[in-house]
**Student:** 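Sending over a structure as structure tokens; questions will come in a sec.
None of these values were measured; they are calculated from a predicted model.
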Amino acid sequence: MTKRKRRSSAPAPGRTGAALTELGLDDRKQRVFVWSVVGAGVLAIALVLTLTINAIGGAPPPAAQAAGGVVGEGLPASFQSWPTLKELAPVRDRKADSAPLTAQEVFGARTLAAGKVTLRRLASRLDQSCAGAVWGADLADALAEAGCTQAVRGLYTTADGAYVAQYTLFNLADVAAADSLAKSLTSLYRGAWVQPLDSPRARFGAYSEANAYVLGHYLGVAWVGRTDGAEPGERDDFIMLGLAVREAEKAVFRRVVKVAGVPSDPTQPPGPADTAQPSEAPPTDPGATTSVQPSASLPAAR
């Protein structure tokens, strides 16, 4: 059986070899040169393929950062929404509750408390353009579809500065619009969110939690976290922290009383007595006016 002669891996002599010989390169140097050219060609082809794949697939979008303070930053790690209460039926739409919100009305109290948690107001703001209170085009569009005319925000922290909480109240067309927006937020919150108010004393970090509450034709968003951005531990009571900042919802229940009137039987109020802190120095935000004081016992925040 005739054996086939093994083909040499060295380049065959020819015009290329002759040209390299004329340049003074011996056989070993010629082989090194040829293989270097071949290797460079393979790398060039790989680079072209990589660029082509990236051009077709597109580069992945940058991840939203999870620290509050500037546009595009600040996303809660968890979010839930809750339907309205039947006691809020008198303010189910703006036809019966047409008076605009004010920062003083919602955040006039300098402190909010629940259990052992006491929050102190750092800043508040009223925006007549709801898009200015959020970031993310999809959320801005959802607010426009819901007929949002106002967004009022209040930023709070604990005395030791360990926790931060912000409450946002959106003034929407009716309860159906508020419910629809709350449901949309269950997916929108992953890439769009409420703008945190700026304060040198407290800001949201890497981890935070949020809940939205349908309150008649309003939607309230409670957002809480540790100022160091850490996840809550055994000693961190985020539930009570959320209940404390939700004391701002008393403004909506005061409107229910104003629209529906004083209950016919004052001895049987619709809920526990109102324990909201008395109004103090008003916020310096535009549109702040004297808050409406409750004339009867009100339902407590959920």
Side-chain angles (χ1 to χ4, degrees), residues 63-82 103-104 106-127 133-135 151-170 185 189-190 192-213 219-251 274-285 300-302:
Q65 301 181 42
V70 299
V71 175
E73 293 188 348
L75 285 173
S78 65
F79 173 83
Q80 286 184 298
S81 64
W82 307 87
Q104 166 66 14
V106 183
F107 302 114
R110 185 169 296 175
T111 60
L112 302 175
K116 297 181 180 180
V117 176
T118 299
L119 297 171
R120 297 182 179 181
R121 189 186 68 223
L122 296 178
S124 62
R125 179 182 175 88
L126 172 66
D127 287 282
V134 302
W135 62 268
V152 58
R153 291 170 287 167
L155 181 69
Y156 291 80
T157 188
T158 50
D160 59 3
Y163 303 95
V164 60
Q166 179 170 297
Y167 193 88
T168 304
L169 191 62
F170 294 106
L185 273 173
Y189 88 94
R190 301 179 187 278
W193 191 241
V194 179
Q195 276 283 25
L197 291 176
D198 187 33
S199 173
R201 295 176 56 187
R203 60 183 299 173
F204 288 94
Y207 183 91
S208 60
E209 298 177 0
N211 290 277
Y213 304 90
L219 182 67
V221 178
W223 184 16
V224 301
R226 290 175 54 101
T227 53
D228 62 4
E231 296 187 19
E234 294 181 358
R235 297 183 179 182
D236 300 315
D237 193 348
F238 273 26
I239 294 178
M240 198 59 63
L241 185 62
L243 289 174
V245 77
R246 288 186 61 205
E247 286 290 296
E249 293 175 1
K250 296 290 179 73
D274 184 9
T275 58
Q277 300 293 323
S279 296
E280 301 181 32
T284 58
D285 313 320
R302 289 167 290 176

**Student:** Once you round to the nearest 0.5 Å, how far does CG of L75 lie from OH of Y207?
**Tutor:** 13.0 Å

**Student:** Report the residues that fulfil side-chain hydrogen bond (donor to acceptor under 3.5 Å, both in side chains) with T158, sequence neighbours left out, ordered by chain and then residue number.
**Tutor:** D160

**Student:** Run the side-chain hydrogen bond (donor to acceptor under 3.5 Å, both in side chains) test against S208 and tell me which residues pass, sequence neighbours left out.
**Tutor:** W223

**Student:** Indicate yes or no for a side-chain donor-acceptor contact from T227 to the backbone of G161 under 3.5 Å, with no hydrogens or angles considered.
**Tutor:** yes

**Student:** First locate atom CZ of F170, then atom CG of D127, and finally report the distance between them rounded to the nearest 0.5 Å.
**Tutor:** 9.5 Å

**Student:** Applying side chain to side chain contact (heavy atoms under 4.5 Å, CB included), can you list everything that pairs with S199, at least two apart in sequence or on another chain?
**Tutor:** L122, L155, R201

**Student:** Using the test salt bridge (Lys or Arg N to Asp or Glu O under 4.0 Å), find all partners of D228 that sit at least two apart in sequence or belong to another chain.
**Tutor:** R226

**Student:** Cation over ring, R121 on F107, under 6.0 Å and within 45°?
**Tutor:** no

**Student:** Sequence neighbours excluded, which residues qualify as side chain to side chain contact (heavy atoms under 4.5 Å, CB included) partners of A192?
**Tutor:** L139

**Student:** To the nearest 0.5 Å, how far apart are CD in Q166 and CZ in R153?
**Tutor:** 6.0 Å

**Student:** Under the ring pair (Phe, Tyr, Trp, His ring centres under 6.0 Å) rule, collect the residues that match up with Y189, sequence neighbours excluded.
**Tutor:** F79

**Student:** Within the 3.5 Å criterion, strictly below it, is a donor on E247 or Y167 matched to an acceptor on the partner's side chain?
**Tutor:** no

**Student:** Among all residues two or more places apart in sequence or in another chain, which pass the side-chain hydrogen bond (donor to acceptor under 3.5 Å, both in side chains) test with N211?
**Tutor:** W82

